[in-house]
Structure formats: C-alpha cells, structure tokens
Amino acid sequence: MDAYDPKQIEPKWQKFWEDRGFFKVKEDPSKKKYYLLEMLPYPSGRIHMGHVRNYTIGDVACRYRKMRGFDVLHPMGWDAFGLPAENAAIKQKTHPAKWTHENIDTMRAQLQSLGFSYDWDREVATCDPDYYRWEQLVFLKMFAKGLVYRKASAVNWCAGCETVLANEQVVAGKCWRCDTPVTQKKLEQWYFKITDYTEELLNDIDDKLQGWPERVKAMQKEWIGKSEGCEIDFEVEVSKEKIRVFTTRPDTIFGVTFMALACEHPLLLKLAEKGGCKREIEKFIAKTAKIERMKRLAGEYEKEGELTGAYCLHPVTKARLPIYAANFVLMDYGTGAIMGVPGHDERDFEFAKKYNLPVKKLEEFVEAKGLGKKTVTFRLKDWLISRQRYWGTPIPVIYCKKCGIVPVPEKDLPVILPKDVSFSGKGGSSLAKHKAFVETKCPQCKAVARRETDTMDTFVESSWYFLRYISPKYNQGPVDPKEAAYWMPIDQYIGGIEHAVGHLIYCRFFTKVLRDLGFLKLDEPVKNLMTQGMVCLGGAAMSKSRGNIVDPDQIIEKYGADTARLFILFAAPVEKDLEWSDEAVEGMWRFLGRVWKGTVDRGPWTMDQQKEAWKHKTIKRVTEDIEKFHFNTAIAALMEYLNSGEMDAETMVILLSPFAPHMAEELWAILGRKESVLKQPWPQWDPKFLENQTMQIVVQVNGKLRGDFEVDAGASEEVIKQKAQELEKVRAHTAGKQIKKIIYVPKKLVNIVVC
RNA sequence: GCCCAGGUGGCGGAAUUGGUAUACGCGCAGGAUUAAGGAUCCUGUGGGGAAACCCUUGCGGGUUCGAGUCCCGCCCUGGGCACCA
C-alpha cells in the first residue's frame, strides 16, 4: 500500500465535499437545529495560527454534531471594513476594496485548504452594500426611536488613525489598533444609546448566560460597573447655589472636610471668580488638560488640587468647607463633584457616634432630611460610533441648514460608499473631500444640503452579522424573521477572550435593540460561549510586529492540514494559551502515519471481548471529551487506542474523522466503504462492554501503596480483604502489628490500618 | 488596592462526588534497520538509594484510614477593574 500522502488526498476530499455540497444547510425540521459560529476574521491578508485554532475547534464541533444527526448551520464571512485597508491603499497605491477582496480570496482559499466545513453559499462580506444597507436601515430605525443621538463632548482621539474611538477601543490609554496614546478632543459625534439597556445587559448576565464562561461574565459586569449610592446637595456659601456630589458612602457625611470639583465642572470658574482665585484655577485647568491627561491614562499620576477660594456649607452641621478643583475628579462619572472624607471609616464612625447617629441609619437620615437621594451610577457609557474614516458604512444622515439633521429616507438606501476617492493619508477623511458624495439635497425641503461623511465603527457590522448568515439573500430586512426564529440563538459561539467586553457586549445590545424594533423575538444571541487561548511562540503571542510567526501554509505544505489541525488541538486545552512546538507537530505527524499504517496493513480481523472493551471504552472517552471541548484528551484517548494493539479500524476512522477528516475519508474508502465517513452516525458505546470480568484491587497499608492483585469481578468483600492481607509485601508491613481496621472501596482499593 | 484563574517530571499537559499522581505527546538514553545520515520501529525514562525502602503536585499548618483534590494562613504567575468618589 501507498504511504500516507496528505498532499494527494487532502485536495481530493476537499473537492469531493465541495462537489457534493456536503456542508450546504437548509432548514430540516426532522432534525434538531444547531447554530455553530466562530468569530469572523478581519481580512488582513493571510490566515494566522489564531484563526487556525479558532476554526479548527469549530470544525470539530460541526462535524461531530452533524454525525450526531443535528441540522448544523456553520457559516463564515469577513469583517471587511476597517482602517488597515485604507492604510494599505495609501502605502501600496491600491483601493481599499481591491485590497480587501484580494485578501478575502486568499484567506478563503486558505480556510478551504484546512478542510473546514463551511456553507460558503452563506458567505457575507460586511463591506458589501447588500450587507451595510441593512445596517443603515437599523440605524434609521434606531434614530427614529431615539436610540441614536448626536452629542458634543470630550472624546477619545487617536492621532495615528485620525479618528475618534469608543471607550472599548482604548486599551491602557492607547489605541487598540496602533498603540498611539489616546488624547481627548472636544467633538460632536454620533452615539448609540447603549445605556438605555444597562440594567437589562447586567441582569441577563446572571439570568440568561448560563452557558458563558464565568470569566467573561465577570468582565462584562465590571465593564458595566454598576454602583449604588447617593447624590447629596451642598449649598455654596453666599451665592446659595447648590453643588451636587455623588457618593457610595453617604454614611460618611459627617467626616466631610472639603469638596472637590472636576476641571470640567460647569460651576468651577464661577466659584473661582467669587473666591478670587480665577487665575490660579485657569492655570490649573490648563495644566490638567494638557499634561495630566497623558499621565492619567498611563496610570502614573499625582493627586493635585487648587483652592477656588469659595466655600460651601455642610448640609447638617453647616460647617464651612473649602472648595477645590482636583485633577482626580472625573466629570463623566457621578456628578463631577465629590465630598472629601480624608479619615474615611474610623473617623467618620467616631463622628457619627459622637452625634449619636446610628451608622446604618445614616442613608435614610440623609434622604429623610431631603439632603440627597439614592441613585445608581454606571461605568458603561454610550457607544460612540462615528469614525472620521472612508472605509466604513456611511452614516445615513443629511445636514440641512434649514431642517437640521435629516435622516436619509429608507427608500433611498443604501447610501453607497463611493469608490472614486483619493487617498492622501493625512488631512482627514477621503469621503469628506468627495464633492459628489457630500453635496446633496435635503430630503425634506429640497434645498442644497450636506451629507454626513463620518462612517460607522466597524464593531457595528460585527454586532449583527450572525443574523445575516441566516438568510443572506433576504431583501425585505436584515434577516428573515421566520428563519431567525428557526436558527437563533447561536448554540455555540467560539472566539477570542479579547472580545469579552467589546464585541460581546455590543452584539448583546444589538440583539435587544433589534428585538425592540420588531426584527427578532429574542433577548440574548449566544447560548453557549467558548473562548480559546492565544497561540504563542517563545512565550509571547504570535504577531507580525514581534516576528514570531509560524505560517499555517508552511505547516500544511510540510505535513498537511490534518496534522496541523491535530497538533493545534492536542497541544493545550482549548481555553488556555498554546505554545507552538515544531517537535510536537512531528509527533502528530507520526501518530497519523501509524494510524494510516495500522489501518491499511491490517490483517484478518475478528472482534473479541478484549477488543470490544477497548472499542467501547474509547468511544465513551472521545464522545464525552468532545462534548466538553476537551479535544486534547480526546486525541490522547485515540492514541491509547492505537497503542493498545486492539484497535478496530472502522471505529478508529469514525472517531478520528472530526479531527483529521481528510485522512478519515481516505481510510474509509480504503476499508471498502462507499459512503463518506461524514455520513456515518456517531457510534454509541454499550456499557455492557465496559464491565470487566476481573478487577484490579489496589492494596494500601496505612494509606501507603503496597501492592495490587487481580480478582474475579464477582468476588465478595471478605474474599478481597482476605487476599489483600495475604500479599507478601502487605504481610511484611503488617507483621507483628495489630490491625485496627480494614477499609474497602468497592472495586478499587483496600486500606489496612495498623497501629 | 479589589476581583478572577492558575502553580503537577527536562517541556506541553493528564488525573479533582478525596481512593494506584505523572495518562498522552515532546525531549532524552539504549537498541534494531542503514554504507552513512535522515526517516521508521522496539525498550527505558519523576528524584534519591546496591537493595529494602524513602521522598515528590508553589510554601507552612489542619481534617482524614487515605489529600494534587477539602479547610486555614502565606508566596508566586497570568488576566480583569481602578485616583469611580
């Protein structure tokens, strides 16, 4: 027989699956539906090992579910808008669309060469007008419902990308894409009112996300950052104006010795003027805005304040409290003003005691006296979605001098992103310089008007793409409601942990919005979530900039897709980081070679008790491990099966097929089977073969291992205890000692306790 | 600072309703094959010891006949949040 040659067999079976439409999926009410989804890639150029890992995990789950008789929807698409396409356009003098589509073609071919089981008829690219027109429609519906608004405020600005960023895109004070330190800029921008959904987003974490990792749920709760407290008014001396502070500890009110305001606080300058310290405060504001911002974001930061010269009165004691401007008080959290309680717990506690006020009652006391009221503050802020970039979904809005902000009428959708733009690199969005796009008529008064030239954050596209796969050609809305009712929710979602608070909150938000807009009848999009670890080399995540990349194509070229898939599953548990090892890849190659040889060269074959026992034990282990995503131990079980010398080739090939599908198909054919191995039902194990005729009993003396013996499965406790004591080594340790007691763990162990 | 996850051979990792620690793979050593190398196959492989045995799951206590697993106290690593009032 020929040696194992993946180069020959892999393309052959990929074509076989393709020609027969094996992965095309339709609604099939005779089966149970299973929506399996992996996070879609950004078409950056080539597939990297992180993709291979993510999609191999998904592919095993898909093939397994199909063999278990599920109707599996397993689609793939492209998160195709984004800044790298524009940067490439500038650098390589090409067009973002061309660059993107070429990358998609390359990466699609790479995914196909790995044998992944996608229904390519449902492929979606988010830069396609047929895709983003529905996003624009959703935008308009959200606008009509008040879920989209425009607001001027200090926003995160990345000078490298020349655009604003959402809070979720600022990581440790730096831009998530290019690492440029983020600065603040005052701009008028578009926002999605995600804060309308804060309570629901928070409550559903515990109520409806039982299939999510605790880690992700904890991260989302922290991100939403609910904190309950009290708002209390402090009267300003002389002017009778009131300053409202937020505190989570109203019980510390008697410890207040000063008040501090954020530099952006609207009353600050007025107070400073009154206090005669206007110049000092202005200087302080300028200093804080300029230098401190950078330090603040970097985490190195010194607490500083400046007296306004003004005073406020303690609401209970009427004591005079100095008002400061302070650089650590944030305008966008609470009320932008705090009450200073330097002594915090102990002193406050004593103070309260002195005035005979029970600590627990202070909150009620504050409320009853009308000094303040209970409030809830969240960390989560509205989602800033406008981007000053060309390669994104145009925001469907027109500015008219007379009518103001006018939404584009639905019948005029899509607002198409023009292709004929020039890319200079600097000086703002290319779209804003496109006259024919910018100049338009007001849909209401027909006067000359200007189109919005900002585009949407690319995270908007990925917030609902999973719905488009369901009915990719549907032309009455983003998703066919009937099909959505059948396929949603996503039964299993697989992707990187880095999306825990960005994408995975946004897509939950969008689902709720689409529900409230009448597109869906669903509260949560994802039933079960699996987050896989990173692929590392030399202890650090593989990345182009670090130069520690292993190219998947090289591995496929040298060993084939099956070896690559097997290695990436075997090397580490799926949720942990994986360290790349060329030697371990060799090990997988050897394993597959031995499976090949063992199957192809197998001699006359008859099952016996021993072989049945191995077979059923292996089916059980592999099945249970796949269900739990314990692919590394599932593969180990297959290795042990091979090593046992009791391997039944048919069973081996079927169990191996989700992991190494090409080899499995080839071997299945060599074994003389006509149908594809994918059409085989997943085997069941029969417990009756798992029961051994004999059992091994381990013997301990005082908890230390002293021997073992084989005994008939039906042996009685007395016989076993007797046999245990007769073992030579056991006698050596019990001789001359008194046996206190003998513990028997059925079918496993005897422990003889002596003095 | 607060919260979460983890710490097991030379390495990746198995095993937790408490019951044979180190499965499986890599690496290493010896052997077979080969003119030789590579590839492949076989055997061995936690540490100490001639052996009997003893020691070993980050460290220190505890519970138990028996602890990688449970309890208490520490140390370290990774991740998340953070001048959030």
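Hydrogens, waters and symmetry mates play no part in the numbers below; they use all other heavy atoms, side chains included. In what follows, chains carry the letters A, B, and so on, assigned in the order in which the sequence lines appear, proteins first and then strands, with residues in each chain numbered from 1.
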Is any side-chain heavy atom of V753(A) closer than 4.5 Å to a side-chain heavy atom of I742(A)? no
Whole-Å distance between A14(B) C1' and I635(A) CD1? 14 Å
Rounded to whole Å, NZ of K226(A) lies from C1' of C81(B) at a distance of 18 Å
For atom CE of M534(A) and atom C1' of G80(B), their distance in whole Å: 14 Å
Would you say K748(A) reaches G19(B)'s phosphate, i.e. side-chain N/O to OP1/OP2 under 4.0 Å? no
Taking the P atom in each of G13(B) and U64(B), what is the distance between them to the nearest angstrom? 36 Å
Does either side chain, that of S227(A) or that of Y333(A), offer a donor lying less than 3.5 Å from an acceptor on the other one? yes
Any side-chain N or O of R244(A) under 4.0 Å from OP1/OP2 of A85(B)? no
Salt-bridge test for K242(A) and E235(A): reply yes if a basic N is under 4.0 Å from a carboxylate O, no otherwise. no
After noting the C-alpha distance and the side-chain angles of F459(A) and W176(A), does the key distance pass the ring pair (Phe, Tyr, Trp, His ring centres under 6.0 Å) rule? CA-CA 13 Å; F459(A) 275 94; W176(A) 69 301; 5.2 Å; yes
Which nucleotides of RNA chain B pair, in dot-bracket form (Watson-Crick or G-U under 3.5 Å, | meaning another strand): (((((((..(((......[....)))((((((.......))))))(((....)))..(((((..]....))))))))))))....
Residue I743(A), side-chain atoms from C-beta onward, closest of A23(B), C65(B), A85(B): C65(B)
Where the side chain of R706(A) is concerned, which of A23(B), C54(B), G80(B) is the nearest nucleotide? C54(B)
Determine the interatomic distance between P on C70(B) and the same-named atom on G6(B); round to the nearest Å. 10 Å
Does V753(A) reach a base, just sugar-phosphate, or nothing at all? Heavy atoms under 4.0 Å. sugar-phosphate
With a 4.5 Å heavy-atom cut-off, do I232(A) and R244(A) have their side chains touching? no
The single option from T198(A), V501(A), I194(A) that satisfies side-chain contact (heavy atoms from CB on, under 4.5 Å) with I224(A) is T198(A)
Classify every nucleotide of nucleotides 25-30 of chain B by which part a protein heavy atom approaches to under 4.0 Å, writing B for the base, S for the sugar-phosphate alone and - for neither, in 5'-to-3' order. SSS---
Any side-chain N or O of N632(A) below 4.0 angstrom from OP1/OP2 of A14(B)? yes
Given U20(B), G13(B), A14(B), the nucleotide with the shortest approach to the side chain of Q696(A): U20(B)
Please report whether the ring centroid of F567(A) lies less than 6.0 Å from that of W589(A). no
For the side chain of K729(A), counting heavy atoms from C-beta on, which of C53(B), C65(B), G13(B) is nearest? C53(B)
Please confirm whether the shortest side-chain N or O distance from K704(A) to OP1 or OP2 of C55(B) is below 4.0 Å. yes
Please determine whether a side-chain nitrogen of the Lys or Arg among E231(A) and K374(A) lies less than 4.0 Å from a carboxylate oxygen of the Asp or Glu. no
Picking from C53(B), A85(B), G79(B), the nucleotide nearest the side-chain atoms of R215(A) would be G79(B)
When you compare U69(B) with G60(B), how far apart are their P atoms, in angstrom units rounded to a whole number? 13 Å
Could you say whether Y333(A) or A732(A) is positioned toward the 5' end of RNA chain B, judged by the nucleotide with the nearest heavy atom to each? A732(A)
Distance alone, cut at 3.5 Å: any donor-acceptor contact between the side chains of Y506(A) and E168(A)? yes
Does atom CD of Q210(A) have more than 12 heavy-atom neighbours from other groups under 6.0 Å away? yes
Heavy-atom count around K558(A) NZ within 6.0 Å, excluding the residue itself: above 12? no
Euclidean distance for P, G9(B) against U57(B) (whole angstrom): 9 Å
Mind listing the residues from residues 718-727 of chain A sitting with a heavy atom below 4.0 Å of RNA chain B? Number order is fine. none
If each of S227(A) and H733(A) is mapped to the nucleotide of RNA chain B with the nearest heavy atom, which maps nearer the 5' terminus, i.e. the 5' end? H733(A)
Closest to the L330(A) side chain: G80(B), C65(B), A85(B)? A85(B)
What does D708(A) touch in the nucleic acid at a heavy-atom separation under 4.0 angstrom: a base, only the sugar-phosphate, or nothing? nothing
Between A5(B) (C1') and E222(A) (CD): distance, integer Å: 13 Å
In whole Å, I'd like the distance from the CD atom of Q700(A) to the C1' atom of G18(B). 11 Å
Give A571(A) one of three labels, base, sugar-phosphate or nothing, depending on what nucleic acid heavy atoms sit under 4.0 Å from its own. sugar-phosphate
Taking side chain as C-beta onward, heavy atoms only, is W580(A) less than 4.5 Å from N548(A)? no
Glycosidic torsion of G37(B) (syn if within 90° of 0, anti otherwise) classifies it as anti
What are the two closest non-hydrogen atoms of R602(A) and A649(A), and how far apart are they? NH1-CB, 3.8 Å
Rounded to the nearest Å, what distance is computed from the NE2 atom of residue H630(A) to the P atom of nucleotide A14(B)? 8 Å
Counting heavy atoms not belonging to R594(A), are there more than 12 under 6.0 Å from its CZ? yes
